[in-house]
Amino acid sequence: MNIEEIAEQLEHTGYIVLDQPFPDLLLTQLLTRCQDDNPARFHAAHIGRGAAKVQIDSIRGDVISWLDESNSIDQCYLAQMETLRMGLNRALYLGLFDYECHYAIYAAGTGYAKHSDVLVGKKNRILTTVLYLNEDWQASDGGELVLFEPTGTDRIATIIPKFGTMIIFLSESFPHEVLISHHTRRSLTGWFRVSGS
Ligand code: OGA
Ligand code: MN
């Protein structure tokens with residue numbers, strides 16, 4: 001992972017798509033953690049926070065599991081992201097304070113309608129990261145991430161959720177949508193945050 005290059009592209013275009021920033025071994029281990037064979041680990045995702053928190057299957061079809069700091073595989077990924085956090089702070093003075101991250105599994109036939117990752121009244125998410133864990137994914141399998149320009153009308157990028165691909169983007173700048181997937185779709189989604197509200 002070339003942090004200089006990531007910083008430069010975030011500064012100039014606001015997002016970067018990386019082909020395979022992590023070694024196969026780590027990706028394979030992360031994939032073993034992104035399985036809902038233990039149903040207690042994954043739960044339906046919710047929209048919003050606090051009193052506004054609702055679960056609406058038609059908007060968002062994934063089940064999620066937050067990373068566990070006591071798990072050695074999760075620790076390994078979090079360590080990589082910590083290096084990235086410090087490097088980006090050094091290069092861009094972003095003041096990134098921490099990183100929250102969950103595994104996500106979309107069942108076939110589900111997606112996530114166009115949304116922003118920055119919740120109203122809660123602007124502490126600065127950068128979104130999504131790492132995809134889908135082996136042998138074809139363009140015809142659907143499940144693309146579509147990034148829109150800030151006003152939300154024009155598409156600026158379509159990302160196929162292939163094994164090892166990662167996207168990083170400015171959370172506030174890009175409304176985005178997960179198109180309906182025709183197969184089970186696995187990923188790790190996280191946010192670098194600044195402290196406070
Ligand atoms: C999200 C999200 C994108 C993706 O979880 O907020 O937009 O490609 N995920 O999984
Ligand atoms: Mn999102």
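For ligands, and for the atoms within them, numbers begin at 1 and follow the listed sequence.
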Checking contacts here: is it the side chain or the backbone of D117 that comes within 4.0 Å of ligand 1, counting heavy atoms only? Could be both or neither.
side chain
If we only count heavy atoms from C-beta on, is the L27 to L131 side-chain gap below 4.5 Å?
yes
Kindly confirm or rule out an N or O of Y112 lying under 3.5 angstrom from an N or O of ligand 1.
no
Side chain proximity check, L145 to Y112, heavy atoms < 4.5 angstrom:
no
the protein heavy atom lying closest to atom 3 (C) of ligand 1 turns out to be V178 CG2, 3.6 Å
Could you check if a side-chain atom of F22 sits within less than 4.5 angstrom of a side-chain atom of L30, using non-hydrogen atoms only?
no
among protein heavy atoms, the one nearest atom 8 (O) of ligand 1 is Y132 OH, 2.6 Å
What do you reckon, does H115 put a non-hydrogen atom under 4.0 Å from ligand 1?
yes
Which N, O or S atom of D117 lies nearest to the Mn ion (ligand 2), by name
OD1
Are W137 and H182 close enough that their ring centers fall under 6.0 Å?
no
Determine whether F169 and H176 make a side-chain contact, defined as any pair of heavy atoms from C-beta on separated by less than 4.5 Å.
yes
For W191 and ligand 1, does the shortest N/O to N/O distance drop below 3.5 Å?
no
Are D74 and Y103 linked by a side-chain donor-acceptor pair shorter than 3.5 Å?
yes
Atom indices of ligand 1, in the order listed, that fall short of 4.0 Å to a heavy atom of H176:
2 (C), 7 (O)
Y106 ring centre to R185 NZ or CZ under 6.0 Å, with the angle to the axis within 45°?
yes
Using side-chain heavy atoms (C-beta onward) and a distance below 4.5 Å, is F174 in contact with I156?
yes
Out of all atoms in ligand 1, which are within 4.0 Å of some heavy atom of V130? Include the element for each.
4 (C), 8 (O), 10 (O)
For the 3.5 Å polar cut-off, considering only N or O atoms, please tell me whether H102 and ligand 1 meet it.
no
for atom 10 (O) of ligand 1, nearest protein heavy atom and its distance come out as R185 NH1, 2.9 Å
Does D62, backbone or side chain, put an N or O under 3.5 Å from an N or O of ligand 1?
no
Heavy-atom nearest neighbour in the protein, as seen from atom 5 (O) of ligand 1, with distance rounded to 0.1 Å:
T189 CG2, 3.6 Å
Any side-chain heavy atom of C34 sitting closer than 4.5 Å to one from I105?
yes
